[in-house]
Amino acid sequence: MSQKTVRLTMAQAVARFLTRQMTIIDGERVPIFGGVFAIFGHGNVAGVGEALYGVRETLPTYRAQNEQGMANAAIAFAKASFRRRFMACTTSIGPGALNMVTSAALAHVNRLPVLLLPGDVFANRRPDPVLQQVESFGDGTISANDCFKPVSRYFDRITRPEQIIPALRRAMQVLTDPADCGPVTLSLCQDVQAEAYDYPESFFDEKVWVPRRIEPDLDELASAIEALRSAKKPIIIAGGGVLYSEASAELAAFAEKHGIPVVETQAGKSALPHSHPLNMGSVGVTGTSASNALAEEADVVLAVGSRLQDFTTGSWALFKNEALKIIGLNVQAFDAGKHEGQPLISDARAGLNRISGGLGSYKADSAWTERAKAGKAEWLAAAERATATTNAALPSDAQVIGAVQRARGGRKTTLVCAAGGLPGELHKLWQAEEPGGYHMEYGFSTMGYEVAGGLGVKLAKPDSDVIVMVGDGSYMMLNSEIASSIMLGAKFTVVLLDNAGYGCINRLQMETGGANFNNLLKDTHHVELPQIDFAAHAAAMGAVTRKVGSIPELEAALAETADEVRTTVIVIDTDPLITTEAGGHWWDVAVPEVSDRDQVKAAREGYEKALQARRFG
Ligand SMILES: Cc1ncc(C[n+]2csc(CCOP(=O)(O)OP(=O)(O)O)c2C)c(N)n1
Ligand SMILES: [Mg+2]
């Protein structure tokens, strides 16, 4: 057989292959890779660097400041694109590569696609040990990049140029598979990147990837319909899978037709508009009183596209109905069967449509639906009180959220956040109006995701106002992609809440009986308290900045900078101790069984009582 071939280096083959992978968005054929983030060093500059230069017109390469930052931005791009498009990231060997391991885990937990291309040591081993090579005494096959293995959905090390052919094909399958979706790491040995091979031309044929919609199995579907038909008090948990399946319209139709209230996880929030009468808002540890009251009594829980993590289930103490049945509607069997769930393996949109068809005219008791609506009205009044304006010198996070919400007016916005006290407050209080308008990384809750995430979201959604809300702790951990956003003209607004430390962990410490220790800066071992001028810091990277002294000043600054073209950072001092008391649920954080501190002993007593409410199964 004489196959037509083209002689390329392995790295050139990777670059060319990536340019040929397409998808369809709004009826238009577009490249599935939104670009490549790259930080070069030895291990990728000569091979991958040369290859990316060759395709720079069709596959843009973006220079970032920190490998974790760029990989977080790439992951945020994929999340904001509902996994329909994604990016690649390339690094040098050793520290450059390992800086991406946390991001790989973040993508792994959140089921988000990203192609990681770290450089690796020489496959031929001749110059060993090279700069930055980890040397295992007992295993010659180990390199630093083995750290990616447990946090990659698919890992391969390329030690011969032709291996890249099956590896890239498998990579695309994983990146586009709704059930297996996650990070792919192709570890590219640096000598092999530069080696030439006669690749079949057909390997570079254009390929169009469209999302696979898995239909439910008929027996599983029948069981789900039967369970729901006998339900008196059903609820729907909307998880991230609803957004990734782009099933918001189907979810709204389902809820309305059958009178079933919807509660939202962190990843699923914005699946329904905040204003939808059957959207009860957040559920679980950071849930609204409306959602949690229903969850406590629910007899059937239809969990759609949810991993059912502890924040959603209140560490499995939220659901109190003894006869509880969980239907796990999920593309991934691993999730569908969790905690005695009755699995319904299916795409969310397809599954909701099929169940609804089978349910016919079934409707939940009108008293249940009406109770839900009354609960929501009560919650909205509490939320209004928490977010109302104030002249307090140190406002609460909730009051800052209120100001940001009022200032955005009718503009299309995407709110980005990840760690600290803000995710809980935003989960309860943020009023998302369109699918994806709430972008929270709360699977891994990675400090430092926020700013980098803002960059990725803006690249994915140039027409949306992107607002990043971040604590001082998270900002300090990773902020340097502000410089990249200035370089790329990708404007977002950062609202930085400075409460002088790790406010949420300090509160958790107090709740578990601990002394105020090593969280707020004032409680740390120090010779001098840092007085960080965040506005000056961000300005040094080229951002437009404001330091405001009150909620009215914050609203004015947001309005004034709304049309700025440069990334804008607005800093406000906040109170580390106040959170929204309404709503919420117990969370299992293990309290020491023995301690000299009376506060710990008291907390342990409360903890043991709380443990009794847990379901196990
Ligand atoms: C990378 C990383 N390290 C540590 C943690 C644990 N952690 C969660 S929130 C938090 C403090 C966050 O501080 P800040 O951003 O100032 O928010 P605040 O709690 O003050 O609202 C810490 C240390 C984490 N989630 N991620
Ligand atoms: Mg803080």
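Side chains included, hydrogens not; waters and symmetry mates left out as well; all remaining heavy atoms used. Every number for a ligand or one of its atoms is a count from 1 in the order of the listing.
Near Ser445, the atoms of ligand 1 lying under 4.0 angstrom from a non-hydrogen atom of the residue are 24 (C), 25 (N), 26 (N). Annotation for ligand 1: atoms under 4.0 Å from non-hydrogen atoms of Cys504 are 9 (S), 18 (P), 19 (O). Residue contact check: Ser474 has heavy atoms under 4.0 Å from atoms 14 (P), 15 (O) of ligand 1. Of all atoms in ligand 1, numbered sequentially from 1 with element shown, those under 4.0 Å from a heavy atom of Met477 are 1 (C), 3 (N). Counting the atoms of ligand 1 from 1 in the order shown, those under 4.0 Å from a heavy atom of Gly421 are 18 (P), 19 (O), 21 (O).
Here the protein heavy atom with the shortest distance to atom 7 (N) of ligand 1 is Met447 SD, 3.6 Å. What sits closest to atom 8 (C) of ligand 1 on the protein, heavy atoms only, is Ile505 CD1, 3.8 Å. The protein non-hydrogen atom at the shortest distance from atom 17 (O) of ligand 1 is Gly420 CA, 3.6 Å. For atom 14 (P) of ligand 1, the nearest protein heavy atom (residue, atom name, distance) is Gly473 N, 3.5 Å.
Taking the centre and axis of the six-membered ring of Trp379, the NZ or CZ atom of Arg385 falls outside the cone set by 45° and 6.0 Å. Geometrically, Lys458 does not engage Phe492 in a cation-pi contact, judged by NZ or CZ lying under 6.0 Å from the ring centre and within 45° of the ring axis.
Taking the six-membered ring where the residue is Trp, Phe534 and Tyr475 present perpendicular rings, their angle passing 60° and hence far from 30°. Between Phe33 and Phe86, the ring-plane angle classifies as perpendicular under the 30° and 60° cut-offs.
Two rings, from Tyr62 and Phe37, have their centers less than 6.0 Å apart. Remark: aromatic rings of Trp316 and Phe616 are distant, center separation not under 6.0 Å.
Every N/O-N/O distance between Ala419 and ligand 1 stays at or above 3.5 Å. For ligand 1, none of its N or O atoms has an N or O atom of Asp397 under 3.5 Å away.
Scanning Gly471, Gly503, Gly448 for the heavy atom closest to atom 18 (P) of ligand 1 points to Gly503.
Evaluation of the side-chain contact (heavy atoms from CB on, under 4.5 Å) rule for Ala179 yields Asp177, Val331, Gln332 as partners, not counting sequence neighbours.
Residue contacts with ligand 1 for Asn499 involve side-chain atoms from C-beta outward but no N, CA, C or O (heavy atoms, distance under 4.0 Å).
When atom types are taken as modelled, the side chain of Thr265 and the backbone of Gly268 share a donor-acceptor pair closer than 3.5 angstrom.
Protein N/O/S atoms found under 2.8 Å from the Mg ion (ligand 2): Asp472 OD1, Asn499 OD1, Gly501 O.
Look at Gly501 and you'll find a heavy atom under 4.0 Å from some atom of ligand 1.
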